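Okay, so here's the structure we're looking at.
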Amino acid sequence: MSTWLVVWFIVAVVSTIAVLAFLIALIRHLLVLGRTARRMQDELSPIVQEISDQGMRAGDRAAKLTPPR
């Protein structure tokens with residue numbers, strides 16, 4: 001085997017390992033982001049529901065009001 005072939009083989013192996021390491025890190029970050037988004041949604045959904053209910057009640061009260069004559 002020539003020296004250049006060995007060098008290119010080593011470069012290819014190192015590059016493949018580096019790309020795999022980045023891919024694994026990216027997948028881990030995506031999983032953490034997904035868990036965080038799900039947790040945030042779980043914590044905020046009661047607050048959003050309460051705001052929605054208050055908005056509906058305010059809309060109903062506003063619809064019942066009569067303009068001054």
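Just so you know, these numbers come straight off a predicted model, no measurement behind them.
If you take CD on E50 and OG on S45, they are separated by 11.5 Å, rounding to the nearest 0.5 Å. Taken to the nearest 0.5 Å, the CG atom of D60 stands 11.0 Å off from the CG atom of L65. To the nearest 0.5 Å, atoms CG (L44) and CZ (R39) are separated by 11.0 Å. One distance of note links NE2 of H29 with CG of L31; it measures 11.0 Å at 0.5 Å rounding. Here CG of L23 is found 12.5 Å from CZ of R28. Values are rounded to the nearest 0.5 Å. Annotation: the span from R35 atom CZ to R38 atom CZ amounts to 8.0 Å, rounded to 0.5 Å.
For Q41, the CD atom counts as loosely surrounded, since its 6.0 Å shell holds 12 or fewer non-hydrogen atoms of other residues, nucleotides or ligands.
Residues I47 and M40 fall within the same hydrophobic cluster, defined by Ile, Leu, Val, Met, Phe, Trp and Tyr side chains chained together at heavy-atom separations under 4.5 Å. I24 and V32 are not part of a single hydrophobic cluster, where members link through side-chain heavy atoms under 4.5 Å apart. V6 and V14 fall within the same hydrophobic cluster, where Ile, Leu, Val, Met, Phe, Trp and Tyr residues are linked whenever their side-chain heavy atoms come under 4.5 Å apart, directly or through other members.
Distance alone, capped at 3.5 Å, is enough to place a donor-acceptor pair between the T16 side chain and the A12 backbone.
Under the 4.5 Å side-chain criterion, counting only non-hydrogen atoms from C-beta, Q49 is in contact with D53.
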